[in-house]
Amino acid sequence: MMKASFKARYEPDKAAAASTISVNAGDFKLRASLTDATVVNGPSLNGLAIAVEKPGFFIVDYNVPKKDIRFQFMNSVRVAEKPLNLTYIHSKGDGRTILDGALVIDSGNKVSANHVLGIGNTKLKYTYVHEGLTTFETSYDLGKNAWDFAVTRKVYGDDVFRATYQTSAKNLGLEWSRSSKQN
């Protein structure tokens, strides 16, 4: 089966577009992504990325113009009969290694942690989903010694309203996303 997606974003000072096509090949998915940089000034490799994925196990991404490769390995274990999802990500280009873990307590509660090796940046997050429509997120960044808060609410069917507040930057964000019902 083949899937394709197209996303566009417009801001007063810039516009951007991206497209992804993925093809199932047995247990694997093959994916190619491109941005508007690939086609704006004539065909080029700018913004082109290809990937091979075995869902739930690994992803290998290759950024063609940067000649950068990224590995992601995923696994799940059970802790006190609750799923603990673990992810290891390594990007060769910038040499970063990231460890992620998420413990799903129940359908409405999740605790997660993210740690970047080498720089000691660790983030802890608690997520609560209320009645499947509203999500509350509280996170703490140990490196910045700062809290972040977010509230997301589904409105008018599949539309999503999101409010965020970053205490370190004193930044309040509001976002409205809409899913198209058409092709």
Show me the donor-acceptor pairs, under 3.5 Å and distance only, between side chains in residues 79-89 and residues at least two apart or in other chains.
| from | atom 1 | to | atom 2 | distance (Å) |
| --- | --- | --- | --- | --- |
| K82 | NZ | I105 | O | 3.3 |
| N85 | OD1 | S76 | OG | 2.6 |

May I have the list of side-chain donor-acceptor pairs in residues 115-123 shorter than 3.5 Å, sequence neighbours left out?
| from | atom 1 | to | atom 2 | distance (Å) |
| --- | --- | --- | --- | --- |
| H115 | ND1 | T122 | OG1 | 2.6 |

Got a list of side-chain donor-acceptor pairs under 3.5 Å for residues 145-155, not counting sequence neighbours?
| from | atom 1 | to | atom 2 | distance (Å) |
| --- | --- | --- | --- | --- |
| N145 | OD1 | Y140 | OH | 2.1 |
| T152 | OG1 | R162 | NH1 | 2.8 |
| R153 | NH1 | T134 | OG1 | 2.7 |

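Annotation: side-chain contact (heavy atoms from CB on, under 4.5 Å) contacts of N171 (sequence neighbours excluded): Q166, A169. Under the side-chain hydrogen bond (donor to acceptor under 3.5 Å, both in side chains) criterion, T164 pairs with no residue at all, not counting sequence neighbours. Scored by the salt bridge (Lys or Arg N to Asp or Glu O under 4.0 Å) test, K110 finds no partners at all (sequence neighbours excluded). Not counting sequence neighbours, the partners of Y126 by the side-chain hydrogen bond (donor to acceptor under 3.5 Å, both in side chains) test are N109. In this structure T97 satisfies the side-chain hydrogen bond (donor to acceptor under 3.5 Å, both in side chains) test together with H90, sequence neighbours excluded.
With contacts defined as side-chain heavy-atom distances shorter than 4.5 Å, the pair I98/N114 qualifies. Under the 4.5 Å side-chain criterion, counting only non-hydrogen atoms from C-beta, F28 is in contact with F58. In this structure the side chain of I69 reaches within 4.5 angstrom of the side chain of V60, judged on heavy atoms. Annotation: side chain of D141 is not in contact with side chain of S139 (no heavy-atom distance under 4.5 Å).
Using cut-offs of 30° and 60° on the angle between ring planes, the pair F71 and F73 is parallel.
In the hydrophobic clustering of ILVMFWY residues, with side-chain heavy atoms under 4.5 Å counting as a link, L30 and L48 come out together. Cluster membership check: V64 shares its hydrophobic cluster with V52, using side-chain heavy-atom separations under 4.5 Å among Ile, Leu, Val, Met, Phe, Trp and Tyr.
Among residues at least two apart or in separate chains, salt bridge (Lys or Arg N to Asp or Glu O under 4.0 Å) pairs with a member in residues 90-107 are D94-R96. For the salt bridge (Lys or Arg N to Asp or Glu O under 4.0 Å) condition, the pairs that include at least one residue of residues 57-72, sequence neighbours left out, are R31-D61, D61-R70.
Other residues, nucleotides and ligands contribute at most 12 non-hydrogen atoms within 6.0 Å of the CZ atom of F57.
Grouped with V104 in a hydrophobic cluster is no other residue, since no side-chain heavy-atom contact under 4.5 Å to another Ile, Leu, Val, Met, Phe, Trp or Tyr is found. Other residues sharing a hydrophobic cluster with V129 under the 4.5 Å side-chain heavy-atom criterion for ILVMFWY residues do not exist; the residue is a singleton.
In this structure, CD in E137 is found 4.5 Å from OG1 in T127, a value given to the nearest 0.5 Å.
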Inset, instruction - Decide side-chain contact (heavy atoms from CB on, under 4.5 Å) for F161 and L174; before the verdict, give the C-alpha distance in whole Å, the side-chain angles of both, and the deciding distance to 0.1 Å. - result: CA-CA 7 Å; F161 177 74; L174 301 173; 3.8 Å; yes

